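Chain A is the first sequence line, chain B the second, and so forth, proteins listed ahead of strands; every chain is numbered from 1. Just so you know, these numbers use all the heavy atoms, side chains as well, and skip hydrogens, waters and symmetry mates. Just so it is clear, the structure is predicted and the values come from calculations on it, not from any experiment.
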There are 2 protein chains.
Amino acid sequence: MVAHPTRDRRAERREATRAEILDAAWELARIHGLAGISLREVARRIGIQPPTLYWYFDSKNAIYDAMFAEANRQLLQLIAEQEWPTEPREMLRMAARVWVAFSTEDVARYQLMFQRSIPDFEPSPEAYAVALEILQTMRVDFAAAGISDPAHLDLWTAVVAGLAAQQTSNQPGGDRWLRLTDEAADMFADHVLGTTTQESQR
Amino acid sequence: MVAHPTRDRRAERREATRAEILDAAWELARIHGLAGISLREVARRIGIQPPTLYWYFDSKNAIYDAMFAEANRQLLQLIAEQEWPTEPREMLRMAARVWVAFSTEDVARYQLMFQRSIPDFEPSPEAYAVALEILQTMRVDFAAAGISDPAHLDLWTAVVAGLAAQQTSNQPGGDRWLRLTDEAADMFADHVLGTTTQESQR
DNA sequence: GTCTATATCCAGATAGAC
DNA sequence: GTCTATCTGGATATAGAC
C-alpha cells in the first residue's frame, strides 16, 4: 500500500508549472500575436528545455486549448461577480460594458476566444463547455429581462462584438468605440424593449 | 533611339504574371488562412520556382500589400456600381447589405482588410489610400442622408462589423447573422434618424 | 526572366539517457 | 522530471549562372 496524503504535493507542483507555461504563452501572444507563440521561447522564459514542455502538455494545440479554457473561465467569473441590475435597460448597459471591456483589455485573448485566428485549432469539448456555460448564463439573464427571441440575442452579440472588433483592430488601446458602449446598449434596448418599457414598468 | 509602341507587351506580360501570383495567394489564403500562405506553394501552383517570385514582388509583405489594395479596390467598385436609394432608411439597408455580403463572402479577404491578422504587415500609403477613399465615400453618402455625427458613423461601422465578425467566426458560410442585416440597419436608423423621419419627409 | 544552389533560421516533435 | 541529441520539415531571401 502507498500512502495517500490529502494534499498531493507532486500534483500541485505540476499544476504550478503548467500555470507558468500558460503565463509565458500569454505573454508571448501579447507581444508577437497568438500565432507567434514559439515553444522554444516559452521554454526559455521559464528556464526549461523545449522538450520538457511535452511532459506538461501533449502538443502546442493542447496549450492553446488550456488557454482557451482559462480565458473562458475568466469571463465566466467576471460575469458571476457583477451585481446585475434587474431593470432591463440598466442590465443591458452593464452587460455591454463588461463584455466590451473584457474583450478589449487583451487583444490576444479576444482573438483566441472569438475569432478563429489559429487555423488548426479547435477547442476540445471540455474547453468549449465553459464557453457554452457563458452563453447559457446570458440566455437566462436576457430572458429575465424579457428578451427571449434568439434573433435578438444574435443581434446583441453582433453589436457588442462589433464594438470590440472595431476597437481592437482600428485603435487598440484607445476608447473611440469603447465610449459608444452605453449608446449602443440603449439603441438595442429601444429596438427590442420598445421605447415605452420604462413607463410601462411603473 | 528605341521604338515606343503604344502597347508595352513586356509590361502587360509582367502584370499578367503578377495577377497570377496574387490569384494563387488568395486561393491559399482561403485554404490555409491568411498567415498560411507559403511562397513555395504559390510558386508551385503557377509553375515557377520560388526565387522567381522575387522578380515580381520585393517580399512576401509586398504580396500582402498588393492583395490589400486589390481587395479595397473591389469594395470601392462594388460601392460605385450600386444604385443608391436617396431615402435614408433604404440607403442604410442597402449599405448594410452590401458591406456584410462583401465581408462574409471571403473570410480571408475580410481578415486582411479589417482585422490586423498579419502581425508584421502594415499597408503602404498607396494601398491605404484606397481604403481611405472608401471611408470618404461613406462619409459623403451618410451626410447626404442627414447623418454627420462622427460618433454615429463609428456606431454604424461597429454594427455592420459585428454582423460580419459573428457570421465569419461562428458560422462561416451560413446566414444566421447575415439575415439580421435589415433589422440591424433599421435599429440603427431608428436610433440616429428618429422614428418620425419617414413621416416628416412627406 | 527564370533557373539552381544555397544561406540562414526557425518550427514542432520524438528517442532515450540519467 | 529534465536533459541532450536529433529528426523532419518548413520558411524567406539572396547569389549568380544562363
Side-chain angles (χ1 to χ4, degrees), chain A residues 2 7-22 24-29 31-68 108 112 117-122 124, chain B residues 2 7-25 27-29 31-68 108 112 117-122 124:
Chain A
V2 245
R7 273 183 58 196
D8 185 339
R9 306 186 80 91
R10 192 163 299 175
E12 281 174 17
R13 189 78 198 83
R14 188 182 155 97
E15 275 313 304
T17 304
R18 278 176 62 102
E20 271 189 81
I21 292 169
L22 294 180
W26 280 119
E27 222 177 306
L28 287 177
I31 299 171
H32 300 117
L34 203 53
I37 297 175
S38 138
L39 297 190
R40 288 167 134 82
E41 204 175 344
V42 168
R44 203 184 51 74
R45 282 187 175 235
I46 65 171
I48 64 173
Q49 295 302 312
T52 305
L53 291 173
Y54 287 82
W55 194 82
Y56 294 97
F57 291 97
D58 284 344
S59 67
K60 189 180 185 178
N61 268 358
I63 293 180
Y64 280 129
D65 197 56
M67 292 168 78
F68 181 86
L112 179 60
S117 190
I118 307 294
D120 292 330
F121 167 65
E122 285 282 327
S124 64
Chain B
V2 244
R7 273 182 58 197
D8 187 338
R9 306 186 80 90
R10 190 163 300 174
E12 281 174 19
R13 188 78 199 82
R14 187 182 156 97
E15 274 314 303
T17 304
R18 279 176 61 103
E20 271 190 80
I21 292 169
L22 295 180
D23 286 349
E27 223 178 305
L28 287 176
I31 299 172
H32 300 119
L34 204 53
I37 296 175
S38 137
L39 298 190
R40 287 164 133 82
E41 206 176 343
V42 168
R44 202 183 51 72
R45 284 188 172 233
I46 64 170
I48 63 172
Q49 295 300 314
T52 305
L53 291 173
Y54 286 81
W55 193 81
Y56 294 97
F57 291 97
D58 284 345
S59 67
K60 188 181 186 179
N61 268 358
I63 294 179
Y64 280 128
D65 197 55
M67 293 168 77
F68 181 85
L112 179 60
S117 190
I118 307 294
D120 292 331
F121 167 65
E122 286 281 327
S124 63

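- The CZ-C1' distance, from Arg10(B) to dT2(C), rounds to 14 Å in whole Å.
- Contact annotation: the side chain of Trp55(A) approaches that of Arg14(A) to within less than 4.5 Å [non-hydrogen atoms, C-beta and beyond].
- The shortest distance between the side-chain N/O atoms of Thr52(B) and the OP1/OP2 oxygens of dC3(C) is below 4.0 Å.
- A pairwise comparison of heavy atoms in Arg45(B) and Ala24(B) identifies CB-CB, 4.4 Å as the closest pair.
- The Pro51(A) side chain lies nearest to dT14(C) when the options are dT14(C), dC3(C), dA11(C).
- Per the geometry, CG belonging to Asp58(A) stands 13 Å off C1' belonging to dT14(C), to the nearest Å.
- A donor-acceptor pair under 3.5 Å is formed between the side chain of Tyr64(B) and the backbone N or O of Leu34(B).
- The CD-P distance, from Gln49(B) to dT4(C), rounds to 5 Å in whole Å.
- The distance between atom CZ of Arg18(B) and atom P of dG1(C), rounded to the nearest whole Å, is 13 Å.
- The pair Glu15(B)-Arg18(B) meets the salt-bridge criterion, with a side-chain N (NZ, NE, NH1 or NH2) lying under 4.0 Å from an Asp/Glu carboxylate O.
- Taking atom CD of Glu20(A) as the reference point, atom P of dG1(D) lies 14 Å away to the nearest angstrom.
- One atom, CG of Leu28(A), and another, P of dA11(C), lie 10 Å apart when rounded to the nearest Å.
- Checking the phosphate oxygens (OP1, OP2) of dT2(C), a side-chain nitrogen or oxygen of Tyr56(B) falls inside 4.0 Å.
- Using a 4.0 Å heavy-atom criterion, one finds that Pro50(A) contacts no nucleic acid atom at all.
- The phosphate of dG1(D) has neither OP1 nor OP2 within less than 4.0 Å of any side-chain N or O from Arg13(A).
- As judged by a 4.0 angstrom heavy-atom cut-off over every strand, Thr17(B) is placed among residues making no nucleic acid contact.
- The side chain of Tyr54(A) lies closest to dG12(C), out of dT12(D), dG12(C), dA11(D).
- Comparing dG12(C), dA5(D), dT4(C) by their nearest atom to the side chain of Lys60(A) picks out dG12(C).
- Among the atoms of the strands shown, none is found under 4.0 Å from any heavy atom of Leu53(A).
- Counting to the nearest Å, the C1' atom of dA13(C) and the CG atom of Asn61(A) are 13 Å from each other.
- Note: CG (Leu39(A)) to P (dG9(D)) measures 19 Å, nearest angstrom.
- Sparse packing is recorded around CG of Asp58(B), with 12 or fewer heavy atoms of other residues, nucleotides or ligands lying under 6.0 Å away.
- With hydrogens and angles ignored, no donor-acceptor pair closer than 3.5 Å exists between the side chain of Arg40(B) and the base of dG10(D).
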